[in-house]
J.: 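Quick one: the structure is below, and I'll ask about it shortly.
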Amino acid sequence: MSDALAAILPLASLQSASAGPLYLKLRQTLEEAISSGRLGHGAALPAERDLAEYASVSRVTVRKAVDDLVRDGLLMRRQGSGTFVVKPVSRVQQPLSQLTSFTEDMARRGLVTRSEWLERGLFPPSPEETMMLGLTAGTMVARIGRLRIANDLPLAIERASLSAEFLPDPDAVTSSLYAQLQKKEARPVRAIQRISACNLKDPDAGLLAVPVGAAGLSIERISYLASGRVVEFTRSLYRGDAYDFVAELTLGE
């Protein structure tokens, strides 16, 4: 175990004579190991007992250093499994003036995207879906729930509801929902989005590979056809450390 620890955590920085609390030195050493790739994304952190023995510090010192990195989103604790490295995220800027899909946004940035299906099918609508989509009696609703992943990093959870009139076969959606709607001449042309801050809870935090309580963005989107009819009602959760939404403002008359 000591050889494995030595490969990722050189003792020289911990035993240096530089001023500062021991926990801060350990934190900086762990952070450098993550940023340099010696501790890669998804890697399990050695047990606190082993870290304390290796670094000749107390377990309280180790716990404080680890707590700091968990709070900063570089480590994530999983109940019953241990503590794992979370890959630092390059922030994505998304303009609020353009109505585009996640697939289109990521493709423009040269990122490779994929999805993990959380839900896909036709269902009786909830009262909220009936109201938001303006459904008539007996109309089924298509639900598309996906974990959106770019370059192997989970970025967002999207849960979309549409009238089955526009999406009679949810299984036909393989990548872009909007591309499938385009085939039905039902791609939205405008939308109203409401964005609010939130703290991510289980199980969403686990899906996004961030600690429970991490900052997130909750986005509710209502999308319309040119006729003014609602075509899509979507609720999404985005990682707060990954997204910046940007709006261009002009001087009002």
Side-chain angles (χ1 to χ4, degrees), residues 92-151 153-196 198 200 203-204 207-208 216-239 242-243 245-248:
V92 173
Q93 286 194 354
Q94 181 175 337
L96 292 174
S97 57
Q98 299 176 7
L99 180 55
T100 56
S101 70
F102 179 90
T103 303
E104 293 166 339
D105 286 336
M106 297 302 107
R108 283 201 305 270
R109 294 170 173 83
L111 302 178
V112 178
T113 63
R114 61 183 177 88
S115 297
E116 292 182 4
W117 291 101
L118 306 176
E119 183 180 43
R120 178 166 52 167
L122 296 176
F123 304 88
S126 68
E128 181 182 38
E129 289 170 328
T130 298
M131 180 183 66
M132 299 301 294
L133 296 172
L135 302 179
T136 57
T139 303
M140 299 290 279
V141 67
R143 292 181 190 151
I144 299 290
R146 293 179 285 180
L147 175 65
R148 310 310 301 268
I149 300 167
N151 284 7
L153 194 68
L155 292 182
I157 298 169
E158 292 181 351
R159 297 182 174 97
S161 299
L162 308 92
S163 169
E165 174 187 348
F166 300 122
L167 190 64
D169 181 14
D171 288 337
V173 179
T174 56
S175 56
S176 172
L177 170 61
Y178 281 9
Q180 187 63 31
L181 291 176
Q182 184 71 50
K183 296 177 183 179
K184 298 278 293 181
E185 297 185 351
R187 177 169 177 147
V189 298
R190 70 181 183 89
I192 295 175
Q193 275 194 162
R194 182 185 300 274
I195 302 174
S196 58
C198 67
L200 297 169
D204 294 328
L207 290 172
L208 292 172
L217 293 171
S218 174
I219 301 176
E220 185 178 287
R221 174 190 284 187
I222 303 173
S223 303
Y224 299 85
L225 300 176
S227 66
R229 185 175 174 185
V230 175
V231 65
E232 172 199 21
F233 172 53
T234 297
R235 281 184 169 147
S236 303
L237 289 173
Y238 286 76
R239 287 177 57 148
Y243 266 84
F245 287 88
V246 181
E248 180 181 355

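Below, all heavy atoms of this structure are taken into account, side chains as well, without hydrogens, waters or symmetry copies.
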J.: Please name the pair of heavy atoms, one in Ser163 and one in Leu135, separated by the smallest distance, quoted to 0.1 Å.
T.: CB-CD2, 3.6 Å
J.: Could you state the interatomic distance from CD1 (Ile222) to CZ (Arg194), rounded to the nearest 0.5 Å?
T.: 8.0 Å
J.: Within a strict 4.5 Å, meaning less than it, do heavy atoms of the Met140 and Pro124 side chains meet?
T.: yes
J.: When rounded to the nearest 0.5 angstrom, what distance separates CG in Asp169 from CG in Leu122?
T.: 7.5 Å
J.: Between Glu129 and Ser161, what is the shortest heavy-atom contact and its length?
T.: OE2-OG, 2.7 Å
J.: Tell me, do Leu207 and Glu116 make a side-chain contact under 4.5 Å, heavy atoms counted?
T.: no
J.: How far does CZ of Arg190 sit from CG of Leu225, to the nearest 0.5 angstrom?
T.: 10.0 Å
J.: Quick one: pull up NZ in Lys183 and CG in Leu167 and give me the separation to the nearest 0.5 Å.
T.: 11.0 Å
J.: Please find the pair of heavy atoms, one from Tyr224 and one from Gly228, that lie closest to each other, and give the distance.
T.: CD2-O, 3.3 Å
J.: I want to check something: taking the side chain as every heavy atom from C-beta on, are Glu165 and Thr139 in contact at a cut-off of under 4.5 Å?
T.: no
J.: I need the minimum non-hydrogen distance between Ala186 and Val231, along with the two atoms involved.
T.: O-CG2, 3.5 Å
J.: Would you say that Glu158 contacts Ser115 through its side chain, given a criterion of any heavy-atom pair below 4.5 Å between the two side chains?
T.: no
J.: Using only atom types and a distance under 3.5 Å, with no angle test, would you say the side chain of Arg146 pairs donor to acceptor with the backbone of Ser175?
T.: yes
J.: Do the non-hydrogen side-chain atoms of Asp171 and Trp117 ever get within less than 4.5 Å of each other?
T.: no
J.: Check Arg239 against Pro154 and note the closest heavy-atom contact, atom names and distance.
T.: CD-O, 2.9 Å
J.: Please examine the side chains of Ile149 and Arg114, heavy atoms only from C-beta on, and report whether any two atoms are closer than 4.5 Å.
T.: yes
J.: Run through Arg120, Glu119, Gln180 and flag the one making a side-chain contact (heavy atoms from CB on, under 4.5 Å) with Ile144.
T.: Arg120
J.: Would you sort out whether Thr234 and Glu232 count as a side chain to side chain donor-acceptor pair (under 3.5 Å), showing the intermediate values?
T.: CA-CA 6 Å; Thr234 297; Glu232 172 199 21; 2.7 Å; yes
J.: Any chance you could measure Ser236, atom OG, to Ile195, atom CD1, to the nearest 0.5 Å?
T.: 10.0 Å
J.: Taking all heavy atoms of Met132 and all of Val230, pick out the closest pair and write down the distance.
T.: O-CG1, 3.5 Å
J.: Using a 4.5 Å cut-off on heavy atoms from C-beta on, say whether the side chain of Leu147 contacts that of Leu208.
T.: yes
